[in-house]
Structures are given as C-alpha cells and as structure tokens.
Number of protein chains: 2
Amino acid sequence: MDIKSAVLQLSSIAQEARLEIFRLLVQAGPEGLPAGSIGETLQIPASTLSFHLKELSHAGLIHSRQVSRFIYYSANYEAMNGLLAYLTENCCAGAKDCAPSSICKPK
Amino acid sequence: MDIKSAVLQLSSIAQEARLEIFRLLVQAGPEGLPAGSIGETLQIPASTLSFHLKELSHAGLIHSRQVSRFIYYSANYEAMNGLLAYLTENCCAGAKDCAPSSICKPK
DNA sequence: ACTGTATTTCTATATTTATGGAAATATAGC
DNA sequence: GCTATATTTCCATAAATATAGAAATACAGT
C-alpha cells in the first residue's frame, strides 16, 4: 500500500459520522445493512448519509450491492486489514515484537 | 478509547505531510528528531511544519522535548498502539482470530 | 404506465483545514 | 546585552470537507 491510499482510507474514517457508519457495518457482519437502515440507526439525513457512504466506498473500505430496491452496504474487512497492516508496519518500523501482518479477519 | 479520541488521532495522520512526519519519527526511534531536521528531510516550510506538529501533538501521537536550542519530536508508540487496538477491536467486533490487543512496541 | 419507496445527485452554504511569509519568541554562545 | 539560530505564532488566503433540502433517478408491485 502506498501512502496516498493510506491517507485516503484514513481520511474516510477520520470523521465521526463515517467511523460510526463503519463500526455499525462491521458489527452487522458480511451481509451488511441497507442505506436507509444505517441512516435510521444513526439519525443521519439521506443525502448526508449518501455523501459519507460514497467517501467510504471511494476509499474502498466498504462495498455495496443492490438487493431489490435496497442497496446493502458492508464492511470490506480485507481493506481494513490492509490499512491496519500498513499502520502496524509504519508504527513498528525498526521495532521488534510486531504483530503479524494479518490482523483481522471477517467472521 | 472513545470515538472522538479515535477520530482526533485518525485525523492527525489522515494527511500526507503528517503521515510522512509520523513515519519519519517512527523510523527515527525513541530519541526522535529536531523540528528543523524533519522540515529539511521532508522539505516543509517551518511554519507549515509547526502547524502539522501541533496537530500531531494535540492528538497525542507525538511527544516533544527541548534539548538546548532544539525541540525534539518523537513518536508516541503507546498512543499509536492504542489507536491500532481500537481499530482492531472495531474491525474485528464479533469476528474470530483477532490480533492481541498489544500490537506494537517501541524498540 | 402509475404509485410508492429507496437512494443518489444537484446545489448552496457553512465550516474546517492547509499553506507559507512575516513577525515574535526562545535559547545559547560570545 | 548582542547576535545567530530554532521554532512558534500571527495573519491572510486558498482549498477541501460537511451538511441537508430539493429534485432526479432507480426499482418493484399493481
């Protein structure tokens, strides 16, 4: 991963509403949740939510798929894993006792 | 760690210049580097650098200490470790095979 | 085709963040 | 106390980001 991708992904979760959205999707598991359900749970207006979902999608941290009239969003565990690995490597550069590169797996 | 602290810390490294600064300080080890040396290495004007260092300090990801006329900045490995632990927990909520909470240690 | 529901795009606005020169402050050596 | 160097603060400006209503689009059922 290059630094620009890392910054893009970090930016996408460096915002309270988006970090909450991401957490919610992680908790929701691989099936994810429809946009409306996310907005209802977190009390975010539809257009604002759409903006944030686009940011997260653009950074690659979430996926979306259409299920009839609903669009389901779900956490991209691999991408988050990659970001954590990048940060771990950067945090631990030159240090001993680092975690293995594979930190997180979807259930 | 609460979500606001996580967002603050993420924001502080969700910017290319600051992530570069942080990486450099991690590589430099616990002794850290004087501000001027950071600016020279990364080609960042003094006032801009000072702004970014303040952001990182405010988020708690770096320390500073005065050594004669120089101010040495160094990575706060514990804070970074805490952030990674928070993200790992949030990434892995409900998932098996998570990394241990202690991911990164200074050399 | 028409209707209702889900979501996005458009648009404007407010807010925050980044940049860097100039001036101010701090420290050390003479 | 003067001078040189290191760093920060002040300031203005530019650029990016966040917010949310209104309009547009997409889909499914009738």
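Numbered from 1 within each chain, the chains take letters A, B, ... in sequence-line order.
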Worksheet entry | Reported CG-to-CD1 distance for the pair B:Leu10 and A:Ile13, which is rounded to 0.5 angstrom | 5.0 Å
Discussion item. With a 4.0 Å limit, can you tell me whether B:Gln15 has a side-chain N or O closer than that to the phosphate oxygens OP1/OP2 of C:dT19?
Written reply: yes
Worksheet item: Nearest-Å distance, CZ (B:Arg18) to C1' (C:dT16)?
Response: 12 Å
Worksheet entry | Rounded interatomic separation in angstrom, taking CZ from A:Arg65 and C1' from C:dA6 | 16 Å
Discussion item. Does a side-chain N or O of A:Thr48 approach OP1 or OP2 of D:dT19 to a distance below 4.0 Å, or not?
Written reply: no
Item to complete: Would you kindly give the OH-to-P distance between B:Tyr72 and D:dT8, to the nearest whole Å?
Response: 14 Å
Discussion item. Can you tell me if B:Gln66 touches the phosphate of D:dT8, counting only side-chain N or O atoms and a distance under 4.0 Å to OP1 or OP2?
Written reply: no
Worksheet item: Atom CD in A:Glu20, atom OG1 in A:Thr41: separation rounded to 0.5 Å?
Response: 11.0 Å
Worksheet item: Would you say C:dT8 has OP1 or OP2 under 4.0 Å from some side-chain N or O of A:Ser47?
Response: no
Discussion item. Nearest 0.5 Å, please: how far is CG in A:Leu84 from OG1 in B:Thr88?
Written reply: 4.5 Å
Item to complete: Could you check A:Arg69 against B:Ser37 and say which one's nearest nucleotide on DNA chain D is further toward the 5' end?
Response: B:Ser37
Worksheet item: Taking atom CD of A:Glu40 as the centre, does the number of heavy atoms from other residues, nucleotides or ligands within less than 6.0 Å exceed 12?
Response: no
Practice prompt. For B:Ser68, report the nucleic acid contact type (base, sugar-phosphate, nothing); a contact means any heavy atom under 4.0 Å.
Written response: sugar-phosphate
Worksheet item: Taking atom C1' of D:dA18 as reference, at what distance in whole Å does atom CG of A:Leu19 sit?
Response: 16 Å
Worksheet item: Which of these passes side-chain contact (heavy atoms from CB on, under 4.5 Å) with B:Tyr73: B:Ile38, B:Leu56, B:Leu24, B:Leu33?
Response: B:Ile38
Fill in: Length of the line joining A:Ile13:CD1 and D:dT17:P, which is rounded to integer Å
15 Å
Worksheet item: Of the nucleotides C:dT7, D:dA6, D:dT17, which one has an atom closest to the side chain of A:Phe51?
Response: D:dT17
Fill in: Nearest non-hydrogen partners of A:Met1 and A:Tyr86, listed with the distance
O-CE1, 3.4 Å
Item to complete: Report yes if a side-chain nitrogen or oxygen of A:His52 is closer than 4.0 Å to either non-bridging phosphate oxygen (OP1 or OP2) of D:dT19; otherwise report no.
Response: yes
Item to complete: Quickly work out the B:Glu55 CD to C:dT17 P distance and round it to whole Å.
Response: 7 Å
Discussion item. Between C1' on D:dA18 and CD1 on A:Ile44, what's the gap in Å once rounded to a whole number?
Written reply: 12 Å
Worksheet item: Roughly how many Å is it from CD in B:Glu16 to C1' in D:dA15, rounded to a whole number?
Response: 16 Å
Fill in: Out of D:dT9, C:dG20, D:dT7, whichever nucleotide has its closest atom nearest the side chain of B:Tyr73
D:dT7
Worksheet item: What bend angle does the helix from C:dA1-D:dT30 to C:dC30-D:dG1 show across its length, from five-pair end axes and to the nearest 10 degrees?
Response: 30°
Discussion item. Quick check on the hydrophobic clustering: are B:Ile3 and B:Leu8 connected, directly or via other members, by side-chain heavy-atom contacts under 4.5 Å?
Written reply: no
Fill in: Path from B:Tyr72 to B:Leu49 over hydrophobic side-chain contacts below 4.5 Å
no
Fill in: Touch class at under 4.0 angstrom, heavy-atom based, for B:Ala35 against every strand present
sugar-phosphate
